[in-house]
Amino acid sequence: MTARAGTAIDRAFFDRPVLDVARDLVGCVVAHEGTAGVIVETEAYHHTEPACHAYVGLTARTSVLYGDPGTAYVYRSYGIHALLNAVCEPREVGAAVLIRALEPLDGIDLMRERRGLDRLTDLCSGPGKLTQALGIELAENATSLLDGPVRVLPREGPPPRLVAGPRIGITKAAELPWRFCAAGSRHVSKPWPSAFRDSLGQES
DNA sequence: CATGGGATTGACT
DNA sequence: GTCAATCCCATGC
């Protein structure tokens, strides 16, 4: 279905500082089993700050974060939701980008069926929503994003304009502005305060 | 082995 | 605005 089926991102893309990857992933595509969406929101996590799971060092859970860049780290949140991350940086650095929201692209009927909702902006506007819409579960943890069941594909066209701000839903290191959104997107998990929108000149 | 805390969401007051 | 659902896993006894 998608014209991008043959293309791929290489491992070097993820083997870079996690903040750079978080910014560059906005506009890329995530695809899984016939469903796909354009990334409109990401967050960066790094083992040197306490909000990151890798902060505790190498354990059974964090071994994926200390694994190969370009690997999927999928974990269960609040006992209910599966959250999708892309492992970044060299193996000795525990770091990942949380994919927080997508703009639906392919397989939208299937997404609606899985989510039990119709509105396009409700399908993938949150980290737990997008995994449900795409059918991504814990089974995809530790699989390759380059040639595994879940793929990250390069963006076409120019880089989108970004808005940065503090990460959502965390209590530790909450001040770091490590959340990145496509400016003006209606598909992000939480809208920006109007003062932000005004100062950035977004239409709305 | 028991416990507690989440990188959330949806339903409800 | 509040709050419960529900599971994985790190930690501590």
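In what follows, every heavy atom counts, from backbone to side chain, and hydrogens, waters and symmetry copies are set aside. Here is the naming used below: chain letters follow the sequence lines, and residue numbers restart at 1 for every chain.
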| query | For A:E113, does the CD atom sit with more than 12 other heavy atoms under 6.0 Å from it, leaving out its own atoms? | reply | no
Please check: side-chain N/O of [X] versus main-chain N/O of [Y], any donor-acceptor pairing under 3.5 Å?
X      : Y      : answer
A:H47  : A:A54  : no
A:Q132 : A:R114 : yes
A:R115 : A:L123 : yes

Would you mind reading off the distance between [X] atom [atom1] and [N] atom [atom2], rounded to a whole angstrom?
X      : N      : atom1 : atom2 : answer
A:L58  : C:dC9  : CG    : P     : 14 Å
A:K172 : C:dA10 : NZ    : C1'   : 11 Å
A:Y75  : C:dC9  : OH    : P     : 12 Å
A:L83  : C:dC7  : CG    : C1'   : 13 Å
A:L65  : C:dA10 : CG    : C1'   : 14 Å

| message | Strictly by Watson-Crick or wobble contacts shorter than 3.5 Å, is anything paired with B:dA7, and which nucleotide is it? | response | none
| Counterpart base for C:dT6, defined by Watson-Crick or G-U wobble contacts under 3.5 Å | none
| said: Can you work out whether A:L138 or A:H81 has the more 5'-proximal nearest nucleotide on DNA chain C? | reply: A:H81
| request: Please work out if A:R179 contacts a base, only the sugar-phosphate, or nothing of the nucleic acid, heavy-atom cut-off 4.0 Å. | output: nothing
| Relative to the 5' end of DNA chain B, which residue comes earlier, A:Q132 or A:G169, by the nucleotide with the nearest heavy atom? | A:G169
| field | Side chain proximity check, A:I170 to A:Y45, heavy atoms < 4.5 angstrom | value | yes
| task | Looking only at side-chain atoms of A:I80, point me to the closest of C:dC7, C:dA5, C:dT11. | result | C:dA5
| request: Measure up the A:H53 and A:Y73 rings against each other and bin them: parallel (under 30°), tilted (30 to 60°), perpendicular (over 60°). | output: perpendicular
| Do A:I168 and A:V188 share a hydrophobic cluster, counting only Ile, Leu, Val, Met, Phe, Trp and Tyr and linking them when any side-chain heavy atoms are less than 4.5 Å apart? | no
| Taking 5' to 3' order, which nucleotide of DNA chain B is first and which is last to have an atom within less than 4.0 Å of a heavy atom in chain A? | B:dG6 to B:dG10
